[in-house]
There are 2 protein chains.
Amino acid sequence: MSTTAPRRGRRPGSPDTRAAILAVARQRFAQQGYAATSVRGIATAAGVDSALVHHYFGTKEDLFVASLELRVDPREIVPVVAAGGRDGVGERLIRLLLSVWDDEESRLPLMALMRSAFEPEGKALVPDAFGRLILGPVSEALELDQPERRVTLVASQLVGLVALRYIARIEPLASAPVETLVATYAPVVQGYLTGPLP
Amino acid sequence: MSTTAPRRGRRPGSPDTRAAILAVARQRFAQQGYAATSVRGIATAAGVDSALVHHYFGTKEDLFVASLELRVDPREIVPVVAAGGRDGVGERLIRLLLSVWDDEESRLPLMALMRSAFEPEGKALVPDAFGRLILGPVSEALELDQPERRVTLVASQLVGLVALRYIARIEPLASAPVETLVATYAPVVQGYLTGPLP
DNA sequence: CACGTTATTCATCACATGATGAAATGTGGC
DNA sequence: GCCACATTTCATCATGTGATGAATAACGTG
């Protein structure tokens, strides 16, 4: 009986194995973090030998950064948030955050980034990048006073929201409709950005 | 020359090696999380063979829960926060949170808990416990409406604050004086607890 | 002082991980 | 059809992990 098991070498057809591996990697890194994700696990889930993973992506860390390729270009979204001036910037920020995190395509890399931010390795990389790439430009475009303080306050609320809604999936936050969240958080964020500071 | 290296068996004197191991374990679990912390690493840092760790604490997971032994008794602090009624409960909550997290004694176990909450294993355990042990009783004592929603909102802000100030150590949040933080966050928390909900 | 108990290390297991190099198999151009 | 090349697996290394059991040394009680 000629078994179907592919024994060795190249398989027939032209399956995009590289993309399959990358997809699995994104998933795992996002859901379990860097340390808890193993190259072998990714390989198995992708129906592939672990050596192939190394062949395509090099080291595990290389694969990680490859899986982080963001779907969101900061230079593209910052103007959208900033346009319109100080009024309503809180709402636009929240709305943008939710739309990005509610889209699976862009969520996975963000989750991986978020997770890695709290693991011992990458440390300051993520918050720093986030602050400089998004919140920094926004605050600059709006000409806020004490931008560092305001940006950090906003970040503290947004990080908490993301952590509970998307990472820990706490109810009723996880299932709350976007409009409710916007209505709830927009005033707070707006206050952090443009209100008086003690 | 009689070297000082202890070769085998029990060492002279009565050093509390068990406590030393536990201290190191608390530190490591808090700073690196469960997965990234190794029994051998703890043993080495405590100047001890790894077998001794197992001798005292059993499995690695046992050691972990042993290191979580909280310094804070919820039943003790909840009345303090709730006493005084709705007015000023936001400020009392923030003040309590900061005092607990600014004390190294109580911070380490909390950090370990927090970290484990975002690793794949413990999952819902921590937020659930936190909500039920602290925020739940508080909201009940205050007779709030829609307690789940309000409690989650508060948690989202507090988790973000803790994540940035104590875990990621983002400035200027990390070095901000307590009074400033109280003044900044108390109104928001108060609003989440007692203000109108959309 | 003898003896059981406790504290401590050594040697070792079984296993999982990341990584590499050689071999096998298909695809495409000439 | 042949040959360079890309794709895929196998076999293997070195390392690190959690864990166990036997051996040794100090302590405490009789």
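It should be emphasised that the depicted structure is a prediction, and the values quoted were computed from it without experimental measurement. Letters go in sequence order (proteins before strands), and every chain restarts at 1.
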*Asks:* Taking atom types as modelled, is there a side-chain donor on Thr184(A) or Tyr192(B) under 3.5 Å from an acceptor on the other?
*Replies:* no

*Asks:* Just to verify, what does Pro15(B) make a side chain to side chain contact (heavy atoms under 4.5 Å, CB included) with, not counting sequence neighbours?
*Replies:*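 With sequence neighbours excluded, Pro15(B) shows a side chain to side chain contact (heavy atoms under 4.5 Å, CB included) to Arg11(B), Thr17(B), given in chain and number order.
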
*Asks:* Tell me, please, which residues at least two apart from Glu143(B) pass side chain to side chain contact (heavy atoms under 4.5 Å, CB included).
*Replies:* none

*Asks:* Strictly distance-based, threshold 3.5 Å: is any side-chain N or O of Arg107(A) a donor or acceptor partner for the main-chain N or O of Trp101(A)?
*Replies:*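 Answer holds: yes.
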
*Asks:* Under the salt bridge (Lys or Arg N to Asp or Glu O under 4.0 Å) definition, can you give me all pairs with a residue in residues 148-167 of chain A, not counting sequence neighbours?
*Replies:* Asp102(A)-Arg165(A), Asp145(A)-Arg150(A)

*Asks:* Heavy-atom contacts under 4.0 Å between residues 46-57 of chain B and DNA chain D, which residues?
*Replies:*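 Output list: Ala51(B), His54(B).
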
*Asks:* Just by distance, do the side chain of Arg26(B) and the backbone of Leu108(B) share a donor-acceptor pair under 3.5 Å?
*Replies:*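 Between the backbone of Leu108(B) and the side chain of Arg26(B) there is no qualifying donor-acceptor contact (under 3.5 Å).
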
*Asks:* Checking Gln190(A) side chain against Val89(A) main chain: does a donor-acceptor pair fall under 3.5 Å?
*Replies:* yes

*Asks:* Can you list everything that forms a side chain to side chain contact (heavy atoms under 4.5 Å, CB included) with Asp16(B)? Sequence neighbours excluded, please.
*Replies:*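 Asp16(B) satisfies side chain to side chain contact (heavy atoms under 4.5 Å, CB included) with Arg18(B), Ala19(B) only.
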
*Asks:* Using a cut-off of strictly less than 4.0 Å between a heavy atom of the residue and any atom of DNA chain D, enumerate the qualifying residues of residues 22-30 of chain B by number.
*Replies:* none

*Asks:* Could you list the residues that satisfy side-chain hydrogen bond (donor to acceptor under 3.5 Å, both in side chains) with Glu91(B), not counting sequence neighbours?
*Replies:*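 Only Arg95(B) meet the side-chain hydrogen bond (donor to acceptor under 3.5 Å, both in side chains) criterion with Glu91(B).
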
*Asks:* Can you pull out every salt bridge (Lys or Arg N to Asp or Glu O under 4.0 Å) where at least one residue sits in residues 38-53 of chain B? Sequence neighbours excluded, please.
*Replies:*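 Every candidate salt bridge (Lys or Arg N to Asp or Glu O under 4.0 Å) pair involving residues 38-53 of chain B fails, so no pair, neighbours aside, qualifies.
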
*Asks:* Distances under 3.5 Å only, N/O to N/O: pair up the protein atoms with those of nucleotides 13-17 of chain C.
*Replies:*
{"residue": "dT17(C)", "atom": "OP1", "partner": "Ser38(A)", "partner atom": "OG", "Å": "3.4"}

*Asks:* Could you pull out all donor-acceptor pairs under 3.5 Å where a side-chain atom in residues 51-59 of chain A meets a protein atom, sequence neighbours excluded?
*Replies:*
{"residue": "His54(A)", "atom": "ND1", "partner": "Gly58(A)", "partner atom": "O", "Å": "3.0"}
{"residue": "Thr59(A)", "atom": "OG1", "partner": "Glu61(A)", "partner atom": "N", "Å": "3.3"}

*Asks:* For Leu68(A), which residues count as a side chain to side chain contact (heavy atoms under 4.5 Å, CB included) partner, sequence neighbours excluded?
*Replies:* Phe64(A), Ala112(A), Leu113(A)

*Asks:* I'd like a list of close polar pairs between nucleotides 26-30 of chain D and the protein, N/O only, cut-off under 3.5 Å.
*Replies:*
{"residue": "dC27(D)", "atom": "OP1", "partner": "Gly13(B)", "partner atom": "N", "Å": "3.0"}

